[in-house]
Amino acid sequence: DIQMTQSPSSLSASVGDRVTITCRASQSIYNCLNWYQQKPGKAPKLLIYSASDLQPGVPSRFSGSGSGTDFTLTISSLQPEDFATYYCQQSYNTPYTFGQGTKLEIK
Amino acid sequence: EVQLVESGGGLVQPGRSLRLSCTVSGFTFGDYAMSWVRQAPGKGLEWIGFIRAKTYGGTTEYAASMDGRFTISKDDSESIAYLQMNSLKAEDTAVYYCVRVRVAVAGNNFDYWGQGTLVTVSS
């Protein structure tokens, strides 16, 4: 199975900050990498697919980059509604695997 | 509007079976693969498996950690996906999400999620 490792596991930041979350795959997954946002008590929401494609309706302050084994999710200017947990997920092959999550908290 | 609504969760004793349903609307159900993802309390997301659209054979794949106890099926005529869970264990306690699988240029992604249904396995 492909292991996905996110860092950091938690992060404190302020409104207006630029934030980067990284995700590393245990082998090359080309650009078969998705990012999800989950708020407490809610289902996850797709933000970025295929490493860098913005899901329609997602604000442009979210962006994704990377290929191979190393990927990043960047939020250019944090808004209050962005405080949530973020997960990466590989879809290169099954079993599809998720990172352990990065909890983004208000500083 | 795309909607996925899970049902069938609840309290079940260890060793028993449970079938979850996912009723969808707002898209042509038969054209899509469907997947199930679960989340144990306070934990991360775990992929359970998926079923391909009939156009791609309607075949299924599962995470090995499900130990062959889970079966996914779909009724295209009723727009319902199912997750049959057998020999349930305490560690299967989780919120179970039904997810639509979208095929992209690079890999698949889960573009729509249900609200989730809680399954609690306890005596």
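Please read these numbers as outputs of a predicted model, since none were measured by experiment. The sequence lines fix the lettering, A, B, ..., with proteins before strands; numbering per chain opens at 1.
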>> Between Val37(B) and chain A, with a heavy-atom cut-off of 4.5 Å, which part of the residue counts as in contact: side chain, backbone, both or neither?
In response: side chain

> Mind checking whether Ser52(A) and Ser65(A) have side chains closer than 4.5 Å, heavy atoms only?
Replying inline: no

> Heavy-atom distance under 4.5 Å to chain A: side chain of Phe110(B), backbone, both or neither?
Replying inline: both

> Which atoms of Asn34(A) come close to chain B, meaning under 4.5 Å heavy atom to heavy atom: side chain ones, backbone ones, both, or neither?
Replying inline: side chain

> Which residues from residues 42-71 of chain B are near chain A, with near meaning under 4.5 Å between non-hydrogen atoms?
Replying inline: Lys43(B), Gly44(B), Leu45(B), Glu46(B), Trp47(B), Phe50(B), Glu61(B), Ala63(B)

>> Treating Thr117(B) as the side-chain partner and Gly9(B) as the backbone partner, does any N or O pair qualify as donor plus acceptor under 3.5 Å?
In response: yes

>> Quick check: under 4.5 Å, non-hydrogen atoms only, which of residues 79-93 of chain B neighbour chain A?
In response: none

> Can you name the closest pair of heavy atoms from Tyr49(A) and Asn109(B) and give their distance?
Replying inline: CB-ND2, 3.6 Å

>> On a heavy-atom basis, which atom in Leu78(A) and which in Val15(A) lie closest, and how many Å separate them?
In response: O-CG1, 3.4 Å

> What residue, out of Lys45(A), Gln100(A), Gln55(A), Lys42(A), has the most heavy-atom pairs lying under 4.5 Å from chain B?
Replying inline: Gln55(A)

>> Take a 6.0 Å sphere around CZ of Arg102(B) and say whether it holds more than 12 heavy atoms from other residues, nucleotides or ligands.
In response: yes

>> Taking OH in Tyr30(A) as the centre, count heavy atoms belonging to other residues, nucleotides or ligands within less than 6.0 Å. Is the count above 12?
In response: no

>> Please give me the minimum heavy-atom distance between Ala84(A) and Gln37(A), naming the atom from each residue.
In response: CB-CG, 3.7 Å

> Most heavy-atom pairs under 4.5 angstrom with chain B, which of Pro40(A), Ala43(A), Gly41(A)?
Replying inline: Ala43(A)

> Is the side chain of Thr97(A) donor-acceptor paired with the backbone N or O of Gln3(A) at a distance under 3.5 Å, no angle test?
Replying inline: no

> Between Tyr92(A) and chain B, which part of the residue has a heavy atom less than 4.5 Å away: side chain, backbone, both or neither?
Replying inline: neither

> Would Tyr36(A) and Trp113(B) count as a ring-ring contact (aromatic ring centres under 6.0 Å, His included) if you check the C-alpha gap in whole Å, the side-chain angles of each, and the deciding distance to 0.1 Å?
Replying inline: CA-CA 11 Å; Tyr36(A) 301 87; Trp113(B) 297 62; 5.6 Å; yes

> Between Val119(B) and Arg38(B), is a side-chain contact (heavy atoms from CB on, under 4.5 Å) present by the stated rule, with each step listed?
Replying inline: CA-CA 10 Å; Val119(B) 173; Arg38(B) 70 181 181 181; over 6 Å; no

> Between the main-chain N or O of Pro8(A) and the side-chain N or O of Thr102(A), is there a donor-acceptor pair closer than 3.5 Å?
Replying inline: yes

>> Salt bridge or not between Glu81(A) and Arg61(A)? Use side-chain N to carboxylate O under 4.0 Å.
In response: yes

> Which bit of Gln90(A) comes within less than 4.5 Å of chain B, counting heavy atoms only: side chain, backbone, both or neither?
Replying inline: neither

> What closest approach, in Å, do Ser12(A) and Lys107(A) show between heavy atoms, and which atom pair accounts for it?
Replying inline: O-CE, 3.7 Å

